[in-house]
Amino acid sequence: MNNEVVRLENLRKVYGSGETEVVALADANMILHEGEVSAVLGPSGSGKTTMLMCLGCIVMPTAGKIFIRGEEIYETGGWKKRDLRRLRREKMGFIFQAHNLVPFLSVLENVVIASELVGTPRKEAETKAMELLDYLEVAHRAGNFPATISGGEAQRVAIARALVHGPSLILADEPTAALDTDRGKKVVALLKNLAKKRGVGVIVVTHDVRMVEGFDRVYHMKDGSILDE
Amino acid sequence: MIDLAVKDISHSPRRFIFTCLGIGMLLMVVMAMGGIYRGFVDDATLIVKNTGADIWVVQKDTNGPFAEESRIPEDLKHTLGVLPGVSDTGALSFQTIQINWKGKPNRLFIIGYDPNLRFGGPSEIIAGRPILRRHYDMVANFKSGLRLGDKLTLGQDTYTVVGLTGNVVSPSGDPVVYMTLADAQKVQFQKNNEAIRNDRERLKEELSGLLPQGAGEGKIADALSNDTHIVNAVVLKVSKGYPVSKIAAAVERWKHYRAFTVPEQETILTMGLVAKAKMQLGLFRIILLIVSMAIINLVIYTQTMDKMREIATLKLIGAPDWTIVRLIVEQSLLLGFFAYWIGYAIINLTYKYFPRRVVLVPFDLKALFVIVMLICVIASFTGVRSALKVDPAHALGG
């Protein structure tokens, strides 16, 4: 059985044209399997975020192919904005550098909303959310607002939000950048555990070399190209 | 689905509450202006309705007695009383006066009527008694500033307030006082002694050139200079089964006076006296609603801009456009909803203390509610547009 979550084939993204043309992503190739946590490492401007945005269906690549669970995105050209959004909603989870929790929702509601967006009834969504928060040891903060919890706790809540609806792929943008080394390593370890336990593929975009040893695979990027693995 | 609009408002309600209060005050003024206009219309037609007449007969070629001056002889009531279909007649006088009462100027509208007739006088007595004597009794609007037993000197005589009636006002909003027709005529038409003497001498001089010697020009001059048997309108009651408009037409054709039916008189009052006020108040209402819309628009837009990162995050995690649109439009509608009820509560608590009558008509208030809700939807467009344009990529990065 094919356990491939993501496959990138010669993915290319070019901004502008003529003299202003910038190649943000040059023929990138990558494979991600279930339960695998891969890091994409590189300095600012190396094309990490562009790759993440192409994978997250936020930016349309100029050329190349993206397969998610074997389905080619943009294949027929008939993909509409709402189709891409549905794909993100159902098959992807996102973790951000600044956790991006909605400040006017409680910790529990922040997790519940991601589940409700895919049509899970409130009660069931709350149960799932509480289970995850409990696993991530932030259940005691369920009624708190994001502003009243620590950065580490907020990042764990963000992980819960990314996972609660059972996605195939988690895209994490610098999830450890705002954390100290110890907490950062804990977050990476947690992602690894969850990926294995739930059969999710995780791509972490980072320039934080402190965390390198924690990942299953590390891709190095420079000037839009993946240099090595 | 979690109600994002309500959650956002309840998380930081201060700005929402203060905005609601501000818009509520504006809407209160909008409601008050509508009420004042309705009050104008009510006031303008109140006496016409209160009098209970079917036809108003006034001086030819005038729109009297309220919109224009009208002077007709009192005894016309007898002439008109014998017309077929006329069941009752009455002569009325109307006059606005300004007195100095307890150190303050006080405008009053005097209605002179015949207490022996069934119409033209106060429709209710809420304190004291009705006018029973031929002279020196007065019934006043309870809001006129006059109290039972107060004595008022008008012209050469002193009148006593013997009764109080409801809030009857003139078309201009001045409180009404009722007197007997004879007293009202004296107040309106009787000249002071010096003027009578001067007029009498002048008339005698003029008549002596026209009449033969010893024809009684002194007596004629005396009668003419002292005549107060003039009224401003004669009102007619029409018997059941007789067409009012035909009797009015007959009066105009054969008696050479102007005769108005009640709807015609009301049209003169509302179209003439209130039309400009209506336009003025209507314009102010529109301006205030536009100001309200601009404020709601600005508040919703600012709130939306403050939430751009959250909106981008919601879009990134796959929230459909409808979720975002609902967040913004619902907040705008909630703002308008609470502001409307704040305005409604304030106007209901205060309208009795307005110097002019404020009449709150349920239809007007319901229509305003619908307009406010529409305004809120329109006002949220800028915020919705910005929110829909925000790129989900905005959620990425530090």
Side-chain angles (χ1 to χ4, degrees), chain A residues 44 48-50 52-54 56-59 81-106 108-122 125-126 145-147 158 161-162 164-165 167 171-174 177-178 205, chain B residues 1-19 299-300 302-332 334-335 383-398:
Chain A
S44 294
K48 308 186 300 285
T49 306
T50 301
L52 191 84
M53 289 199 287
C54 287
C57 309
I58 302 165
V59 167
K81 239 182 183 177
R82 62 167 180 268
D83 299 323
L84 297 171
R85 210 179 279 189
R86 183 178 44 77
L87 190 76
R88 284 205 299 271
R89 185 162 64 227
E90 291 172 357
K91 298 206 169 158
M92 295 181 196
F94 291 86
I95 301 169
F96 309 91
Q97 180 182 337
H99 64 73
N100 285 26
L101 295 177
V102 180
F104 50 83
L105 297 181
S106 70
L108 179 65
E109 288 163 343
N110 262 289
V111 182
V112 164
I113 195 167
S115 197
E116 282 194 326
L117 283 173
V118 294
T120 314
R122 170 66 70 87
E126 280 182 358
F145 284 102
R161 180 179 65 186
V164 72
H165 56 293
L171 299 172
D173 181 29
E174 308 272 10
V205 161
Chain B
M1 185 76 188
I2 292 169
D3 194 330
L4 295 171
V6 173
K7 290 284 174 189
D8 185 24
I9 290 166
S10 53
H11 182 245
S12 48
R14 193 181 298 177
R15 179 156 63 169
F16 182 80
I17 291 168
F18 282 117
T19 312
V299 169
I300 295 297
T302 314
Q303 282 183 349
T304 307
M305 293 312 282
D306 289 349
K307 285 194 288 282
M308 274 307 179
R309 200 178 176 87
E310 287 76 47
I311 289 168
T313 304
L314 287 168
K315 281 179 148 186
L316 191 62
I317 66 171
D321 282 344
W322 168 240
T323 307
I324 315 293
V325 172
R326 189 185 149 189
L327 162 68
I328 298 161
V329 176
E330 191 182 332
Q331 283 194 343
S332 187
L334 285 170
L335 188 64
V384 167
R385 200 163 151 261
S386 308
L388 291 181
K389 273 169 72 178
V390 72
D391 190 345
H394 186 62
L396 299 171

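Only heavy atoms go into these numbers, but all of them, side chains included; no hydrogens, no water, no symmetry mates. Throughout, protein chains are lettered first and strands after them, A, B, ... in sequence-line order, and every chain is numbered starting at 1. Predicted model only: the values in this text are computed from it and were never measured.
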Does any heavy atom of chain B fall under 4.5 Å from the side chain of A:Arg82, the backbone, both, or neither of them? neither
If you compare all heavy atoms of A:Leu117 against all heavy atoms of B:Met1, which two are closest, and at what distance to 0.1 Å? CD2-CE, 3.5 Å
Taking the side chain from A:Arg88 and the backbone from B:Leu316, do they hold a donor-acceptor pair closer than 3.5 Å? yes
Tell me, side chain or backbone of B:Leu4 under 4.5 Å from chain A's heavy atoms, or both, or neither? both
Should the heavy atoms of other residues, nucleotides or ligands under 6.0 Å from CZ of B:Arg385 be counted, would the total exceed 12? no
Which answer fits A:Leu87, side chain, backbone, both or neither, if we ask what part of it has an atom under 4.5 Å from a heavy atom of chain B? neither
Ion pair present between B:Asp321 and A:Arg85, side-chain N to carboxylate O less than 4.0 angstrom? yes
Most heavy-atom pairs under 4.5 angstrom with chain A, which of B:Lys7, B:Glu310, B:Lys307? B:Lys7
Please state whether the side chain, the backbone, both or neither of A:Pro103 comes within less than 4.5 Å of a heavy atom of chain B. both
With a 4.5 angstrom heavy-atom cut-off, is it the side chain or the backbone of A:Glu174 that approaches chain B, or both, or neither? neither
Run A:Arg161 and B:Thr313 through side chain to side chain contact (heavy atoms under 4.5 Å, CB included) and show every step you take. CA-CA 12 Å; A:Arg161 180 179 65 186; B:Thr313 304; 3.8 Å; yes
Measure the CD1-CZ distance between B:Ile317 and A:Phe96 for me, rounded to the nearest 0.5 Å. 7.5 Å
Which atoms form the tightest heavy-atom contact between B:Gly318 and A:Arg89, and what is the distance? O-NH1, 2.6 Å
Examine whether an atom of A:Ile113 lies under 4.5 Å from a heavy atom of chain B, and if so say whether it belongs to the side chain, the backbone or both; otherwise answer neither. both
Which atoms form the tightest heavy-atom contact between B:Ala395 and A:Asn100, and what is the distance? O-ND2, 2.8 Å
I need the B:Thr323 OG1 to A:Glu116 CD distance, nearest 0.5 Å. 10.0 Å
